[in-house]
J.: 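Structure incoming, see below.
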Amino acid sequence: MTKFKYVGRPVPRVDAMEKVTGSAVFTDDIELPGMLHTKLLRSPHPHARIVETRTDRAEAVEGVVSVVTGRDFPFKLGIYVGDRDVLATEKALWVGQPVAAVVAETEAIAEKAVQLIEVEYENLEAVFDARKAMEEDAPIIHERLGEYRTLPIFSPRPGTNIASVFTLKKGDIEKGFAEADLIVENEFSLPQVSHAYMETMCFIARHGADGNVEIWSSSQPPFIVRYLTSMSLDIPLSKIVVHAPYVGGGFGGKAGLNFEPLTVLLSKASGNRPVKLRLTREEHFTVAAIRPGLHATVKTGVKKDGRIVAEKIVYVFDAGANADYAVNVGRAAGYDAIGPYDIPNVEAESFTVYTNKLYATAFRGFGHMELHWAIERQRDIIAKKLGMDPIEFRAKNVLKPGISETGTGARLREDAANLEECLRRVGDALEWGKKPAKPKEPWKVRGKGLAVLMKGPAIPPNTASSAVVRFNEDASIELMVGTSEMGQGTLTSLTQMVAERLRVPMEKIRVASLRGTASTMYTWQTVGSRGLFMDGRAVLEANKDAESQIKQIASQVLHVSEEDLELAEEKVRVREEPWRSLTLAEVVMGYMYPGGNSIGGPVVGRGSYIATGLSVLDPDTGQGNPAVFETFGCQGAEVEVNVLTGQVEILKAFSAFDIGRAINPLLVEGQVYGGTVMASSIALFEQLIYQEGVLLNPHFLDYKIARMSDAPEDMVSISVENPQEDGPYGARGIGELTMIGMAAALGNAVSNALNIEIKDLPMTPENVWKAVTRQNPKLLERAKRYLKGE
Amino acid sequence: MTQRIELVINDRCRTVEVASNTTLLEMLRDQLKFKSVKPGCWRGDCGLCLVLIDGRPIKSCLVLAQELDDREVVTVEGLLDNGNITRLHQSFIEKGALQCGYCTPAFLLASEALLRRNPHPTRERVCESMNGILCRCTGYKQIVDAILAASE
Ligand code: FES
Ligand code: FES
């Protein structure tokens, strides 16, 4: 039982009221006086030089305010590699890339006018497969790769399509393989997928005649939007304000910089009137960033007793046409290449590669769902070859607190998360070792599978957060933090931390809902499950600061030392003589003695946190410490597969994460269920399907995502709580973790049920059926006989 | 061609001038500023724009506004009881049935319609009638739990 009043309790979300009453404001809900609307012209070609663009017919349409093309905005955008055009300038790089834009009084006028723009293209050879794009004679997509502004931790290879490569080297790989009794090599793959958040992207910008810029964006990170907009458009930071309304789901897709710079430039080009750009779903599917695809080659050497002695990995991430953010996905997957295992000899290369398709960005899990698909399938394949139980095989090799070394050579701290415990707990929940019950229909089979996983936030070493806790006259509190609210509930957890420490009821703490760079405190970005941990640390500091200011005032009034005071029930009181007290309201605006003499002043607690102890990884070997915390976990599933149709049904889905402490169990469960279903959806249904670069499924009708009836009824979240000493109340991040292992767990369960090895996602009925036909035709024959009643 | 229609929205009579190609979604969001009606696809795939028409859950992007003459429309604002939240809202909040909240209006309206027709639905019935609405955040479990709890 928790000794806390708020922390650790399933209190409802602080934003729930606004959301159930329909008053929560999202970007597209905002209308400004004189606001104009935008439509984009999209490239019909996957790779083409733009020879000439004629806009006069579009400009002549009544109600059109401005028409712009790429050449009007010669800026390069990007968070890590500046490779992205505002609008295609010299070349169009994928089907759907915006090449021109019309701003008009209404969306309908803009839509009509945009069709009148004439663009002359010269088609170029295109490349759609990332591994083909790495070949010597492949057409080059970014000829100027060497000239782009690039963060020095990335290593682009100018003259090729390799946007960056990350190398991890540990021990002696040749020696490792020489020692091995068994060497297993496999290839795995996952396609590009869409974030498919429910709110399509929307932006509003006003570029004032005085040079002041205001942006409203459905983005995850107002501060980084401000910073990158300033840098790429050469506008002083102090002149930009970014507002962050509620975000209708982000999952990484709304991280970094999106169409904010374009919208700012459009406003400037349109007589400084405010301009809105919102994407329809179909536009969104073809214009906005997606999750990269991955092709993985994994070669593992093991001893007979199950000890992994060597692993060699090549990851090829299909980043599509731009890799400005994806290079960091490739990098994070590179340093965590072997997952949560202690392997003495490692060599991994992780390539981020350009192709003429939709461009990739961050996605919940940041490369980790992809890499765990490969290595966790590989673990099951090896265990089977060794004749070892998959849990025992994993338990032998997983990282152990205080003892093991990660792939980057960082020793695991004593208070690190306990992976083995997660593994055992999921095994128990699945009744591991017990055969699954027989399905009703004889042509169906059941199987179980699980996967372990790890991830820490993939962030620059100097990532920081700040917070302010500000008291009002009635001792209510304004909590100011920069974390965006896109559904994950961090604001609620942070509010719980304030209530806990300052002993003020949650209802009296307000986190402003209309937020942004001007009204909240700096935080780098709300990504990588870092919000709770880092902003949480800043909030704890702010709490402490406010508490000490309160005690300072009270100690003068009550004539006791500060150490003898405590906060309780909205009062500050003497610990040993609780009847001697002041209400917080008497203190927080400064205390006034009966004679009128006053001391103190408004209490404003401030707190900052910067990640410490992180290192810049060695450029040749990738060794060092990249993460402030690593969350470990295990996910498992039991599935039923119809052998005749290849249809997979998830009967049970269990997850255990060592999150240190569940600040709010209700929110943690929500993250787990949400991540589980999203991962299941991606594992079973989702893929962006192209034909010659044209996306064939740009709607929810043909890009299927999980519906209510697809969600497993028996879904359980198991919280393992081994606190991390420096985490807020011991907590580690959770948001992304919940989807990292589930795809591999399902892959293992399906492979187990059918006695085959699935290596490629998604496991659509068609793909599963094909795999059975190829790998286990007898099973199919038997199922057919059952159906005929034989 | 615009036409004048008379309809009831959230218990209030309204007279609206609408163009023949205006959808109910556009009329509600753009003309009348009911911003709680959320677009997600503009073509019937996502269910987020759902409203109640004469008590039945309908995707507002698929209906032309002019057809609404003399009909009754309820948006999520109309589910409040004298400005207060109801048992259904409370249940959504307590069970954690919302995260980003973008789908919440649609699920609340669909649940209200379901529970009015069928005060004690089974889990299967709930799934069946909510299957047309997408949610990318919650994994649906807590939404089902909330609806079942509200029906007890
Ligand atoms: S917007 Fe109406 S169903 Fe998607
Ligand atoms: S809560 Fe985000 S889409 Fe449902």
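FYI, side chains are in, hydrogens and waters are out, and symmetry mates aren't considered; it's all heavy atoms of this structure.
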J.: Tell me if a side-chain donor or acceptor on B/Arg29 pairs with a main-chain N or O of B/Val37 at a distance below 3.5 Å.
T.: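 Present.
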J.: Under 4.5 Å from any heavy atom of chain B, what part of A/Thr676 do you find: side chain, backbone, both or neither?
T.: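 Interface part for A/Thr676: neither.
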J.: Of the listed residues (B/Cys100, B/Cys137, B/Gly139), which shares the most heavy-atom pairs with chain A below a 4.5 Å separation?
T.: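 Top count of heavy-atom pairs under 4.5 Å with chain A: B/Cys100.
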J.: Does B/Lys35 make a cation-pi contact with A/Phe26 (under 6.0 Å, within 45 degrees of the axis)?
T.: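 Verdict for A/Phe26: no cation-pi partner in B/Lys35.
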J.: Among A/Asp29, A/Val247, A/Val677, A/Asp15, which residue has the highest count of heavy-atom pairs closer than 4.5 Å to chain B?
T.: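 Of the options given, most contacts go to A/Asp29.
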J.: Is it the backbone or the side chain of B/Leu80 that comes under 4.5 Å from a heavy atom of chain A, or both, or neither?
T.: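 Contact with chain A: side chain only.
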J.: Return the option, out of B/Gly132, B/Ser36, B/Cys46, B/Cys127, with the maximum number of heavy-atom pairs under 4.5 Å with chain A.
T.: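 That would be B/Cys127.
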J.: Using non-hydrogen atoms only, which part of B/Leu134 is less than 4.5 Å away from chain A: side chain, backbone, both, or neither?
T.: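 Contact with chain A involves both backbone and side-chain atoms of B/Leu134.
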J.: Counting distance only, does the side-chain N/O of B/Asp54 pair as donor-acceptor with the main-chain N or O of B/Glu72 below 3.5 Å?
T.: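 Present.
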J.: Of the backbone (N, CA, C, O) and the side chain (C-beta and beyond), which part of A/Ser681 lies under 4.5 Å from a heavy atom of chain B, both, or neither?
T.: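 Contact with chain B involves the side chain of A/Ser681 alone.
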J.: Please confirm whether the ring centroid of A/His195 lies under 6.0 Å from the ring centroid of A/Phe363.
T.: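 Close enough - the centres of the two rings lie under 6.0 Å apart.
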J.: Does any backbone or side-chain atom of A/Glu31 lie under 4.5 Å from a heavy atom of chain B? Answer side chain, backbone, both or neither.
T.: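 Side chain only.
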J.: Check whether more than 12 heavy atoms from other residues, nucleotides or ligands sit under 6.0 Å from atom NZ of A/Lys112, and answer yes or no.
T.: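 12 or below, so no.
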J.: Between chain A and each of B/Ile133, B/Asn131, B/Thr138, B/Leu79, count heavy-atom pairs under 4.5 Å; write down the option with the most.
T.: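 The answer is B/Asn131.
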J.: Identify which part of B/Lys33 has an atom lying under 4.5 Å from any heavy atom of chain A, answering side chain, backbone, both or neither.
T.: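 The side chain, not the backbone.
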J.: Please determine, among A/Ala196, A/Ala24, A/Pro10, A/Ser680, the option with the most heavy-atom pairs under 4.5 Å with chain B.
T.: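 Max contact count across the listed options: A/Ala196.
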J.: On the six-membered ring of A/Phe203, is A/Lys276 placed so that its NZ or CZ lies under 6.0 angstrom from the centre and within 45° of the ring axis?
T.: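 No - A/Lys276 does not lie over the ring of A/Phe203 by the 6.0 Å and 45° rule.
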J.: Which residue in the set A/Met742, A/Arg364, A/Arg291 passes side chain to side chain contact (heavy atoms under 4.5 Å, CB included) when paired with A/Ile682?
T.: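 Single pass found, and it is A/Arg291.
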J.: Applying salt bridge (Lys or Arg N to Asp or Glu O under 4.0 Å) to A/Asp714 and B/Lys141, what does each step give before you reach the verdict?
T.: CA-CA 9 Å; A/Asp714 195 359; B/Lys141 182 179 161 80; over 6 Å; no
